[in-house]
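Remember, it's 1-based here, ligands and their atoms both numbered in the order they're listed.
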Amino acid sequence: MEKRRPLIADLKRNALDDGPGIRTTVFFKGCPLSCTWCHNPECQEAGPEILFNPAECRNCGECLRACPHGAMPSGDPGRIDRKLCQSCGLCVEACPGRGRRMIGKFYPAEELARLLAQDLPFFKNSGGGVTFSGGEPTVFLDYLGDLARLLKEKGVHLNIETTGFFNFNKFAEKVLPFLDLIYFDLKFADSSLHSLFTGQPNAEILENFRGLVRQNSVPVLPRIPLIPEVTASRENLQNLARFLKELGIARLALLPYNPLWIPKSKNLGKNPEYRRESWLTAEEKREYLAIFNDFTLEREL
Ligand code: SF4
Ligand code: SF4
């Protein structure tokens, strides 16, 4: 994955949930984890992908005619054979509506820094800045380091949302010196559960978290996604609370489950196993909050 060019899935301006003030969030494509509930499925793969939106499709068939690789052999524009698709983008160009979208664009770091810094006055007035997200932005540590340095030279406040699965020394050398804040996701205390639901063990993640807390050079906010029947078991949440307490952490963010990722995942041709379609109930929220009542929450659940 590291040999690829970093692609950006989206630039979300006026973001209010990804750190203080008004921010622009940069969504990197590519992630070393494969969480079964991934709420940004368009950011899991590092390569470009075609997203089909049935609500915007006019059924005109232009995409079928434009495809040089026969990647929709059934004749249904919504059923792309991802093994045949070369992500050439010809179907996107041919589409007269917004039925298809190419996810993944490369920007040279200087160009992206210039683009992002255009909102500097809004960032300054609101106490905001830029947040690196994904996917996992640290997959591309050299590029991320260059981008962070260029933005810091322009005076932009920088936050990163990370899975914590990175090479600590390289992260500390390339990126950490330019960051103002770290949102660090913790999913499971138990490594075998972490492997089962994310595809990777958690030892390196927990060690990286400890390392950043010990270094204390940048504020680190732990964030726990509340995924019913996955991360949000009483035992797992209690174990995570204990892990944080032992490190002297008193503040955290709880991320409520958001089912809106499911249609996005389907539109990318994925077939997710985890499919809870409803939001957290008031009772679930009460139960989770009770486990963390000794902590200060970054925002309401
Ligand atoms: S991106 Fe290219 S190969 Fe893939 S479906 Fe579209 S036209 Fe066909
Ligand atoms: S070209 Fe666009 S609007 Fe026409 S069938 Fe394909 S996706 Fe739908």
Which residue supplies the protein heavy atom nearest to [atom], what is that atom called, and how far is it?
atom: atom 3 (S) of ligand 1; value: Gln86 N, 3.3 Å
atom: atom 5 (S) of ligand 2; value: Gly61 N, 3.3 Å
atom: atom 8 (Fe) of ligand 2; value: Cys57 SG, 2.4 Å
atom: atom 1 (S) of ligand 2; value: Cys63 N, 3.3 Å
atom: atom 6 (Fe) of ligand 1; value: Cys91 SG, 2.3 Å
atom: atom 4 (Fe) of ligand 2; value: Cys60 SG, 2.3 Å
atom: atom 7 (S) of ligand 2; value: Arg100 CG, 3.4 Å

Ligand 1 atoms in contact with [X] (distance to a heavy atom under 4.0 Å):
X: His69; value: 3 (S)
X: Cys88; value: 1 (S), 2 (Fe), 3 (S), 7 (S)
X: Ser87; value: 1 (S), 4 (Fe)
X: Ala71; value: 5 (S), 8 (Fe)
X: Ile50; value: 1 (S)

query: How does Asn59 reach ligand 2, by side chain, by backbone, by both or by neither, if only non-hydrogen atoms under 4.0 Å count?
result: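 The answer is the backbone of Asn59.
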
Once the angle between the rings of Phe28 and Phe140 is folded into 0 to 90°, is it parallel (under 30°), tilted (30 to 60°) or perpendicular (over 60°)?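 Phe28 vs Phe140 ring planes: parallel.
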
What is the ring orientation for Phe184 with Phe166, classed by angle as parallel under 30°, tilted 30 to 60°, or perpendicular over 60°?
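Geometry flag for Phe166 against Phe184: perpendicular rings.
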
**Asked** Under 4.5 Å between any side-chain heavy atoms of Phe132 and Val175, yes or no?
**Response**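 The answer is no, as the side chains (C-beta and beyond) never meet within the 4.5 Å cut-off.
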
Handout entry: Student check: side-chain heavy atoms of Pro272 and Trp261 closer than 4.5 Å
Key =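 Yes, close enough: below the 4.5 Å cut-off.
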
Margin query: Exactly one of Asn159, Thr131, Asp17, Asp18 should register a side-chain hydrogen bond (donor to acceptor under 3.5 Å, both in side chains) with Thr25. Which one does?
Written below: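 With Thr25 as partner, side-chain hydrogen bond (donor to acceptor under 3.5 Å, both in side chains) holds for just one option, Asp18.
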
Side chain to side chain donor-acceptor pair (under 3.5 Å), that's the test. Do Glu136 and Thr163 meet it? Break it down for me.
CA-CA 7 Å; Glu136 174 50 53; Thr163 65; 2.9 Å; yes

Would you say Asn40's side chain and Cys43's backbone share a donor-acceptor pair under 3.5 angstrom?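 Side chain of Asn40 to backbone of Cys43, a donor-acceptor pair under 3.5 Å: no, none is there.
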
* Main-chain N/O of Asn236 paired with Asp190 side-chain donor or acceptor, under 3.5 Å ->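 Side chain of Asp190 to backbone of Asn236, a donor-acceptor pair under 3.5 Å: no, none is there.
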
*Could Glu42 and Lys270 be called an ion pair, given the rule that one side-chain N must be under 4.0 Å from one carboxylate O?*
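No, no charged N to carboxylate O under 4.0 Å.
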
Checklist entry - In terms of side-chain geometry, is the basic nitrogen of Glu284 or Arg276 positioned less than 4.0 Å from the acidic oxygen of its partner? => result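 Counted as a salt bridge, because a side-chain N and a carboxylate O are separated by less than 4.0 Å.
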
| query | Measuring from the heavy atoms of Gly89, does anything fall under 4.0 Å of ligand 1? | reply |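 Judged by the 4.0 Å heavy-atom criterion, Gly89 does count as contacting ligand 1.
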
Which ligand 2 atoms does [X] reach within 4.0 Å, using its non-hydrogen atoms?
X: Phe52; value: 7 (S)
X: Arg58; value: 3 (S), 8 (Fe)
X: Glu62; value: 1 (S)

* Asked: Taking the minimum heavy-atom distance to atom 2 (Fe) of ligand 2, which of Gly99, Pro96, Cys95 ranks first?
  ->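 Looking at heavy atoms only, the winner is Cys95.
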
Distance-only side-chain donor-acceptor flag, Glu49 / Ser87, under 3.5 Å:
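Distance-only check fails for Glu49 and Ser87.
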
